[in-house]
There are 2 protein chains.
Amino acid sequence: MARTQGSRADITGPLIRDHARRLFARQGYAAVSMRQIASAVGVQAGALYAYTPDKQALLFDLMESHMRDLLAAWQDEPAADPLQRLENFVRFHIGFSLDHSDAVFLSYMELRNLTPDNHARIADLRGRYETALENILRDGIESGMMFVDDPKLATMALIAMLTGVTNWYREGGRLDRQRIGDIYWGLARGAVGAA
Amino acid sequence: MARTQGSRADITGPLIRDHARRLFARQGYAAVSMRQIASAVGVQAGALYAYTPDKQALLFDLMESHMRDLLAAWQDEPAADPLQRLENFVRFHIGFSLDHSDAVFLSYMELRNLTPDNHARIADLRGRYETALENILRDGIESGMMFVDDPKLATMALIAMLTGVTNWYREGGRLDRQRIGDIYWGLARGAVGAA
DNA sequence: GTCTATAGCGTGATAGAC
DNA sequence: GTCTATCACGCTATAGAC
């Protein structure tokens with residue numbers, strides 16, 4: 001089958017996702033036009049519709065694949081020491097959030113721009129991730145290594161604290177990632193009463 | 001001076017601000033039209049421009065007045081015990097955030113939709129508030145009551161943790177505000193090494 | 001202060017050529 | 001798969017009547 005003029009299907013798809021993610025994160029879904037995305041990619045707006053049925057599906061795909069990537073990347077070791085598992089989680093969450101800061105930002109800022117059905121699916125994935133942390137806290141409490149009044153609230157509090165790194169982190173700043181992980185692990189360990 | 005037909009200047013201004021705040025917080029600044037705000041208030045879109053020069057100024061006014069209200073509401077007692085001051089801050093921040101959740105959400109979600117000049121002014125106000133907490137932590141460290149590696153990061157971490165309450169809190173939920181304050185104070189106290 | 005009407009422009013999405 | 005052209009609509013903001 002002969003290639004049609006100017007076709008670059010193998011790279012255009014990923015480029016659309018990359019630029020859309022970046023633009024949505026920086027300006028907000030509603031503020032970004034399909035023309036703007038197309039311009040960043042280097043195609044005309046009409047060409048985008050060969051890859052996505054509409055703008056909403058593009059947003060949902062970005063958020064869903066991010067949540068699936070996050071869940072797939074987190075590898076718990078349920079048999080290990082709960083404190084060690086918590087330290088792993090803290091360092092993992094910070095590292096993943098900084099490596100995918102646009103997707104992280106998108107996935108908790110643009111929930112409101114999803115259709116109700118799409119919203120429910122993302123919320124479900126998010127809930128699974130929160131449960132992963134909550135289970136660590138419950139195991140830590142049960143084993144007497146952690147002291148937390150309310151594991152559910154502690155889960156939300158810790159995730160909010162850790163994700164907050166993306167709000168101020170700048171590449172090449174005062175602290176490197178290892179050091180940031182150390183500091184946040186110290187805060188988290190204290191918060192769960194295991195200082 | 002005779003009143004013109006249908007004029008309700010005394011209440012329209014606040015109503016515009018109230019509805020704009022609510023709509024911006026729920027749907028995002030870019031996704032809300034001036035017509036939508038006007039409709040919620042009960043006037044035609046053109047009438048809004050008697051109260052604001054444009055949409056951007058309306059957003060900025062909402063954010064700036066929120067930050068000023070926040071700074072005015074926080075009353076530190078520099079002479080008191082640093083731990084007591086931290087507890088006060090924790091309970092204050094959660095209470096204020098829940099009482100003004102739309103404004104809180106707006107003020108950290110829509111920074112990207114401000115002009116650079118307006119952005120700098122909001123960032124300055126936010127910085128002052130962060131400094132208020134940072135000073136408590138520094139005093140706590142100096143007095144040997146707190147153990148924190150990096151007061152700057154601990155400040156960002158604590159504020160992110162506390163503000164996160166607005167993400168999941170629902171009126172009439174499992175926990176009342178007092179109890180939520182107790183739990184978060186426990187987490188914060190532990191995080192700063194004062195459990 | 002509020003209304004109606006509208007200018008001027010940008011939007012998401014589609015049709016049809018290549 | 002990409003382009004050009006376009007439809008139909010919504011947007012911010014303004015003008016002028018009352």
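In the text below, chain A, chain B and the rest are named by the order of the sequence lines, each starting its count at 1.
For the pair B:Tyr49 OH and C:dC3 P, the interatomic distance rounds to 14 Å; values are reported in whole Å. Taking atom CG of residue A:Leu15 and atom P of nucleotide D:dT2, one finds them 10 Å apart after rounding to whole Å. In this structure, A:Met34 atom CE and D:dA5 atom C1' are separated by 18 Å, rounded to whole Å. Nucleotide C:dA13 holds its P atom 10 Å from the CD atom of A:Gln56, rounded to whole Å. Atom-to-atom, CD of A:Gln27 to C1' of C:dT11 comes out at 15 Å; the value is rounded to the nearest Å. In this structure, CD1 of A:Ile16 is placed 13 Å from P of C:dA13, rounded to the nearest angstrom.
No contact: B:Val41 has no heavy atom under 4.0 Å from any strand.
Between atom CG of residue B:Asp61 and atom CE of residue B:Met63 there is a gap of 11.0 Å, rounded to the nearest 0.5 Å. One finds the CG atom of A:Asp139 at 11.0 Å from the CD atom of A:Glu134 (value rounded to the nearest 0.5 Å).
The side chain of A:Gln44 contributes an N or O atom lying less than 4.0 Å from OP1 or OP2 of D:dT4. Dashed line: the shortest gap from a side-chain N or O of A:Tyr51 to OP1 or OP2 of D:dT2 is under 4.0 Å. The phosphate of D:dT2 (OP1 or OP2) has a side-chain N or O of A:Thr12 nearer than 4.0 angstrom.
Under 3.5 Å, the side chain of A:Arg35 and the base of C:dG12 form at least one donor-acceptor pair of N or O atoms.
In this structure, A:His66 and A:Phe96 have tilted ring planes: the angle between them lies in the 30° to 60° band.
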task = Go through the steps for A:Trp74 and A:Phe89 under the test ring pair (Phe, Tyr, Trp, His ring centres under 6.0 Å), then give the verdict.
result = CA-CA 8 Å; A:Trp74 166 241; A:Phe89 184 92; 5.2 Å; yes

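Nucleotides of DNA chain D nearest to A:Ala45 and B:Gln36 differ in position, and the one nearer the 5' end is that of A:Ala45. Looking at which nucleotide of DNA chain C each of A:Ser33 and A:Gly46 is closest to, the 5′-most match is held by A:Ser33.
Comparing atom distances between the A:Lys55 side chain and each of D:dC3, D:dT12, C:dA13 picks out C:dA13 as nearest.
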